[in-house]
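Just so it is clear: chains get the letters A, B, ... in the order the sequence lines come, proteins before strands, and each one is counted from 1.
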Amino acid sequence: MSDTDSSSALREGDAPGLSADLDAVREALVEWYEADHREFPWRRTEDPYAILVSEVMSQQTQLDRVVPAWEDFLERWPTAADLVDADRADVVAFWSGHSLGYNNRATYLHEAAEQVETEYDGSFPESPGELQELMGVGPYTANAVASFAFNAGDAVVDTNVKRVLHRAFAVPDDDAAFERVADGLMPADVSRVWNNAIMELGGVACGKKPRCDEEGCPWREWCHAYQTGDFTAPDVPTQPSFDGSRRQFRGRIVRALSNHDELTLDELGPKIRVDYSPDGEHGREWLEGLLTDLAEDGLLDVEGSDDRTVAKLSE
DNA sequence: TTCCAGCCAT
DNA sequence: ATGGCTGGAA
């Protein structure tokens with residue numbers, strides 16, 4: 001169920017292609033998932049901390065690349081209490097060192113662990129609503145953790161689920177409609193297996209390139225796209241190119257500082273771009289702007305000014 | 001080029 | 001409501 005619209009029934013036009021035989025649709029998906037699915041290590045635990053770590057890492061990062069990072073992370077900080085005791089600089093350095101991207105997610109995770117320790121005495125809340133109060137945890141992640149750790153989540157709606165619902169049941173490309181249909185489709189008290197199953201379907205059989213027959217999609221007999229041959233997916237906004245972007249330089253700064261403890265502007269500049277010159281277009285002023293923003297994101301500490309400015313990863 | 005289990009700040 | 005954040009791989 002959505003955080004914003006907790007008890008909405010389906011509306012006219014939400015799912016013109018949804019079969020009347022809801023129970024058959026539901027059963028087919030769960031049976032398909034249980035018969036065969038990818039093995040990820042976080043699917044073998046019910047520890048909410050371990051699951052939160054996997055979910056935060058998985059946001060915009062391919063799952064195969066998350067596996068080794070997740071294993072290393074939990075070996076280093078096995079519990080939320082261990083993570084709270086860690087220096088934030090070490091958590092950020094770990095994140096950067098494992099090429100997980102979006103370094104501020106490392107700070108969110110560290111902050112969330114602190115919230116669990118101080119506000120919940122070390123034991124995770126179980127409801128999506130409370131989970132969503134944790135730093136870095138939005139509607140998707142709250143329902144994922146509630147589902148996979150406690151079997152107590154509402155239907156998740158991510159890009160996989162949207163694509164599946166849009167194709168299978170002709171749900172219009174509208175967030176509220178996706179929420180209502182996802183809710184209406186999920187059987188009661190099975191959020192753990194259900195949310196795994198529907199995302200598995202979107203990841204394996206109903207990806208950008210559909211593999212309906214190869215993967216034995218359980219919904220072929222009801223699927224609007226399978227019948228019409230129109231596998232259009234909801235638009236995913238395209239990102240501006242990464243090369244030469246501001247994000248690229250933020251990433252390089254974090255990586256440089258995780259290797260060098262602390263650096264002045266003129267030491268750091270040449271490490272992140274070959275054409276750095278203190279008074280040039282990409283000089284101290286430019287670099288200081290990036291550092292200030294990174295500091296506001298809680299990733300860095302910056303002290304001093306002008307040529308004596310020194311940056312390091314935050315404590 | 002485009003994609004990938006989103007969330008936060010404004 | 002919109003922009004910013006990351007980097008490896010297909």
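In secondary-structure terms, DNA chain C builds stems of at least 3 consecutive Watson-Crick or G-U pairs, each pair having both distances under 3.5 Å, at B:1-4 with C:7-10, B:6-10 with C:1-5.
Once you apply a 4.0 Å limit to the heavy atoms of chain A, the touched nucleotides of DNA chain C run 5' to 3' over C/dG4 to C/dG8.
Among the atoms of the strands shown, only primed sugar atoms or phosphate atoms (P, OP1, OP2) are found under 4.0 Å from some heavy atom of A/Asn103. Within 4.0 Å of A/Val156, counting heavy atoms only, lies no atom of the nucleic acid at all.
A salt bridge does not link A/Lys162 to A/Asp173: none of the charged nitrogens lies less than 4.0 Å from a carboxylate oxygen.
One distance of note links CG of A/Leu29 with CD of A/Glu34; it measures 9.5 Å at 0.5 Å rounding. Put simply, NE2 on A/His110 and CH2 on A/Trp95 are 12.5 Å apart, with the number rounded to the nearest 0.5 Å.
Here the side chain of A/Thr61 pairs no donor or acceptor atom with the backbone of A/Ser58 at under 3.5 angstrom. At distances below 3.5 Å, at least one donor-acceptor pair connects side-chain atoms of A/Asn151 with backbone N or O atoms of A/Asp189. Checked by atom type and distance alone, the side chain of A/Arg252 never pairs as donor or acceptor with a backbone atom of A/Arg273 at under 3.5 Å.
Note on ring orientation: taking the six-membered ring where Trp is involved, the planes of A/Phe73 and A/Phe94 are perpendicular (angle over 60°, cut-offs 30° and 60°).
With DNA chain B read from its 5' end, the first of the two nearest nucleotides for A/Lys208 and A/Arg105 is the one closest to A/Lys208.
Residue A/Phe169 is tested with A/Tyr226, A/Trp219, A/Trp222 for a ring-ring contact (aromatic ring centres under 6.0 Å, His included); the sole match is A/Trp219.
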